[in-house]
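Let me give you the structure first, and then I'll get to my questions.
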Amino acid sequence: MRMYDIIIKKRNGGTLTEEEIRYMIHDYVLGNIPDYQMSAMLMAIYFQGMTDIETTILTDAMAHSGDMVDLSGIDGIKVDKHSTGGVGDKTSLIIAPIVAACGGKVAKMSGRGLGHTGGTVDKMESIPGMQTSIPREKFINIVNKIGLCVIGQSGNLAPADKKLYALRDVTATVDSIPLIAASIMSKKLAAGNDCILLDVKTGSGAFMKTLDGSIELAKKMVAIGEHAGKKTVALITDMDIPLGFAIGNSLEIIEVVETLHNKGPKDLTEVCLHLASNMLFLCEKGTLEECRKMSEEAIASGAAFQKLIEMVEAQGGDSSVLKDTNKFDKAPCERKVIASTDGYITHMNTEQCGISSLVLGAGREKKEDSIDYSAGIILNKKVGDYVKAGELLATLYTSKQETLDESERILLNAIKIDEKPVKLEPLIFARIEKDKVEKLVI
Ligand code: URA
């Protein structure tokens, strides 16, 4: 078999066979297929697409390129959750404790920030001492003991995705539905959970900018999960506005704590309650309505916050910063971003809001960059709010004074102020199960 012939086949709109797909992934991981040939293939897939069967085989080949994690040592139904990535998206650290407080088992492997989006592992590491790399046996023991543990992906989880993602990042082939579906689902299948909840983001801060594209992606991922024997549900949630008010690692952890104390932003709380209810539903804890009630009670009683403390302590973190969030290191430099005109905020380019935070040091420009955990943005106003000239729009935080001008410029350009208000978009647009798309307006 020759990669050259497979590239021609896909370039001309052909359908690849199982043998061709498995050969391509196997030999690419081994280093027998060079990056330039795989780049050509990715671009061919970008333009020609893949059938559902091709995407399913690609996902399976990528999942089996490394370790298939065995979580059978954990009692009960193990539920995973994955977000396609967003700005201010700290939901995992709110919903995992809620689900564990209600008796679900969350053995989760999360990622780091990617492009303009933040990552759960980076956020967790803003808690002093927090370990996100834990041996498998200890990981399983923690979940059996307290119901949850969140760690980073081990080096050998879907290594094909690691190589392909890095290549897609530099060849303008990230936003392809079959490639995103295979990338996410290969890691989810390899991670060994029994069921999967997908949080597919849509809007200016998401990889999928349109609702139709997000629904198509969600349907594909649900079909892949179900085909692999895992009950899979997807929610399509809004990422046209940053989620909550905090963007940046320790700032987001503080918002996590506020939300678990029932004092968080409304949008973040609502999205988390939906996600947590759906995870509990997948764990067979009751109907969706019953699971919603349980989730609300887990917050109101303080049980979910207690689970977060237990998890942080089990993973070596200093829980005193969660009990008193003033103990988090403060960024030495700040800038107040002020509105220059009166009017309604009608749009926030959420990708640019993420980049504004990244410039402050909250994310990485290059893979090897280190993170400034206290850097980021606290928004004061969001879409729908009325502002007066001179009013505070946001505060920027950083350890690098020289980044403030650039970050402020990007943020101000991202925020549109008009005379007339706009109708607010829903927070949750749809729920997708096997062969079923339910449109929602929440
Ligand atoms: N997240 C992933 O893991 N892969 C993608 O392709 C996009 C988002």
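Because the structure is a prediction, the values reported are computed rather than measured. When a residue number appears, it is its place in the shown sequence, counting from 1.
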(message) Taking the cut-offs as 6.0 angstrom to the six-membered ring centre and 45 degrees off its axis, would you call Arg22 and Tyr28 a cation-pi pair?
(response) no
Interatomic distance, CD1@Ile378 vs CZ@Phe245, rounded to 0.5 Å, equals 9.5 Å
Open item on the list: Taking the cut-offs as 6.0 angstrom to the six-membered ring centre and 45 degrees off its axis, would you call Lys201 and Phe207 a cation-pi pair?
Closed with: no
Applied to residues 275-302, the salt bridge (Lys or Arg N to Asp or Glu O under 4.0 Å) test, sequence neighbours excluded, yields Glu270-Arg292, Arg292-Glu296
Between Leu396 and Ser407 the two heavy atoms that sit nearest each other are CD1-OG, 3.6 Å
message = Checking side-chain polar atoms at under 3.5 Å, does Gln153 have a donor or acceptor matched by the opposite partner on Ser110?
response = no
Residue pairs meeting salt bridge (Lys or Arg N to Asp or Glu O under 4.0 Å), one or both in residues 154-176, sequence neighbours left out, come to Asp161-Lys187
query: Can we say Glu310 and Lys145 salt-bridge, meaning some charged N sits less than 4.0 Å from an Asp/Glu carboxylate O?
result: no
### Asp122 with Arg364: basic N within carboxylate O range, under 4.0 Å
yes
Give me the ring orientation class for Phe305 and His261: parallel if the planes are under 30° apart, tilted from 30 to 60°, perpendicular past 60°.
tilted
Using the rule given for side chain to side chain contact (heavy atoms under 4.5 Å, CB included), can you reason through Asp240 versus His347, listing the C-alpha separation, both sets of side-chain angles and the distance that settles it, and then say yes or no? CA-CA 8 Å; Asp240 208 37; His347 180 64; 4.0 Å; yes
**Asked** How far apart are the C-alpha atoms of Lys78 and Asp80, what are their side-chain angles, what is the distance that settles it, and do they pass the salt bridge (Lys or Arg N to Asp or Glu O under 4.0 Å) test?
**Response** CA-CA 7 Å; Lys78 280 82 68 184; Asp80 203 351; over 6 Å; no
